[in-house]
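The basis for the numbers below is simple: all heavy atoms, side chains too, and nothing from hydrogens, waters or symmetry mates.
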2 protein chains.
Amino acid sequence: MLLSYTEENYLKALLKITFDSGVEKVGTNELASALDVKPATANDMLKKLKEKMLVDYKKYGKINLTSEGKKIAIEIIRKHRLWETFLYQKLEFSWDEVHEVAEQLEHIQSQKLVDKLDKFLAYPEFDPHGDPIPNSKGEIKVYHKKTLSEMTPGTTCTMVAVKDNSSPFLQYVVKVGLGINNEIKIISIQEYDLMMVIEVNGQRSTVSQKFAENIYIVNK
Amino acid sequence: MLLSYTEENYLKALLKITFDSGVEKVGTNELASALDVKPATANDMLKKLKEKMLVDYKKYGKINLTSEGKKIAIEIIRKHRLWETFLYQKLEFSWDEVHEVAEQLEHIQSQKLVDKLDKFLAYPEFDPHGDPIPNSKGEIKVYHKKTLSEMTPGTTCTMVAVKDNSSPFLQYVVKVGLGINNEIKIISIQEYDLMMVIEVNGQRSTVSQKFAENIYIVNK
DNA sequence: AAATATTGTTAGATTAACCTAACTTTGTAT
DNA sequence: ATACAAAGTTAGGTTAATCTAACAATATTT
């Protein structure tokens, strides 16, 4: 099925919201704000995608991707993450620059291109942000759900990914001395506002709860 | 200046027509047919591009790119040819497959991407079809103007590029045993219909005038 | 030079993706 | 349980890129 750039973005956003929030109850307003359009616009598009059997929903009800819609959304995420990996590994883009360009590249239509790119990159499993890359069958590695904010003082963990892919956040992560696979030691947590003192490679930093919620980790 | 995918295609088509035909008198109908739209549509777009100072023309007059318009068109061709080179050299696409995908990739907006890609490919001078790749300053190597159809029996030449980049033509070229840098010996030419018997690596073939007009060569 | 053919232009309609403003339904709080 | 707030929908309008059909200008032919 041939979809427009815009239609693809709606499907991707729907999948992303369910991924990120865990919940599968996606609403029109939420979708609209994720895509930076008005709810009325999102509503129109939902009707269109329903026509095409890519989403399943009824008036005032919750929005769900059909299996076909989900398949397409996963393919777009696969392309996005493969391109990010290409930009980072082969073209020496920095961590915080890859997302924006991959947003464009993910819409290139060519099955052969995706397959060849995957091969060229030696079938990578994770992108530069630590997110799993769906394989050619659309299978995705199990998702890391624990964040730095859940850790307690005295414990140690390893960073595996970031939740927020925006440039400002990623640049801040670098500033703190953090990167994928780095060890983080939790020194202390301020009761009042949940500010956290962490240590990375001997460097101590104080980070906000918001920051800590956007760092995915695994226990040591 | 940020242009739409469509606007970029109009600028590219204008430059391409002047390149290919040699003449610089481009008409509305010709432009429209190159872009596979109706003349009325092309006319509307020309007004818009004139507004943006990218083309220069007056009612019923001839169409010209302004220097700004030309600069943009060259940048698009640069991107197109770099991507073709990438697909061919790094992703093992065949000669006849690269064009279609590059038509999409050429519209990705990121100066950094172009520069890094150029570097990654070691600053190539020619694309897989033998066409020169404009450098980062927009400079293009002098164009090969002689075609196989201009050769006379008994002479020998070297193929340097193709004029037609379409899949069917390129597949035919391969079938005849031809490729960039191959030597071609002209055995004979049929007076009546200008059919040409050529020899490539010992393989003799009979090709039409139309075929011969689409092969760029240099004399031995 | 007049007739005809070609080429270019205008007017008005369509579609996709967006908007605002008004309205309806659902959910929440007193 | 009613009232209010939040979420979702509809109606009607805009813009970019396209179309068809009618018209105007230029070029070609006899």
Out of D/dT26, D/dG8, D/dC19, which has the shortest distance to the side chain of A/Y60?
-> D/dG8

Counting only heavy atoms not in A/K119, do more than 12 fall under 6.0 Å of its NZ?
-> no

Of all the nucleotides listed (D/dG8, C/dC18, D/dT20), which has the minimum atom distance to the side chain of A/N29?
-> D/dG8

Send over the distance from B/E7 CD to D/dT18 C1', rounded to a whole Å.
-> 14 Å

D/dG13 C1' sits how many Å from A/D44 CG, rounded?
-> 12 Å

Between A/L46 (CG) and D/dG8 (P), how many Å, whole number?
-> 10 Å

With no hydrogens and no angle check, do the side chains of B/D127 and B/H80 hold a donor and an acceptor under 3.5 Å apart?
-> no

What's the OH-C1' distance between B/Y5 and D/dT15, to the nearest Å?
-> 20 Å

How long is the line joining NZ of B/K38 and P of C/dT14, in whole Å?
-> 18 Å

Please state how far atom CE in A/M45 lies from atom C1' in C/dT15, giving the value in whole angstrom units.
-> 12 Å

Say whether A/N43 and A/K38, considering side chains only, have a donor N or O and an acceptor N or O under 3.5 Å apart.
-> no

Options D/dT18, C/dT9, C/dT24, nucleotide nearest the side-chain atoms of B/P39 | C/dT9

State whether B/K59 places a side-chain N or O below 4.0 Å from either non-bridging phosphate oxygen (OP1 or OP2) of D/dT26.
-> no

Check the distance between C/dT26's P and A/Y57's OH and give it to me in whole angstrom.
-> 13 Å

Among D/dG8, D/dA25, D/dT18, the one nearest A/N43 by side-chain distance = D/dG8

Nearest nucleotide by nearest heavy atom, which residue falls closer to the 5' end of DNA chain C, B/G61 or A/A42?
-> B/G61

The side chain of B/K47 lies closest to which of these nucleotides: C/dT10, D/dT9, C/dC19?
-> C/dT10

Residue of the set A/K79, A/R78, A/R81 for which salt bridge (Lys or Arg N to Asp or Glu O under 4.0 Å) holds with A/D118 | A/R78

Give a yes/no answer on whether the side chain of B/T28 brings an N or O atom under 4.0 Å of OP1 or OP2 in C/dT9.
-> yes

Distance test, side-chain N/O of A/T41 to OP1/OP2 of C/dC19, below 4.0 Å = yes

Whole angstrom value for the distance that separates P of C/dG8 from NZ of B/K50 | 15 Å

How would you label the contact of A/A40 with the nucleic acid (heavy atoms, under 4.0 Å): base, sugar-phosphate, or nothing?
-> base

Can B/H129 and B/H99 be counted as having a side-chain donor-acceptor contact under 3.5 angstrom?
-> no

Hey, does B/Y10 reach any base, or is it just sugar-phosphate, or nothing, if we go heavy atoms under 4.0 Å?
-> sugar-phosphate

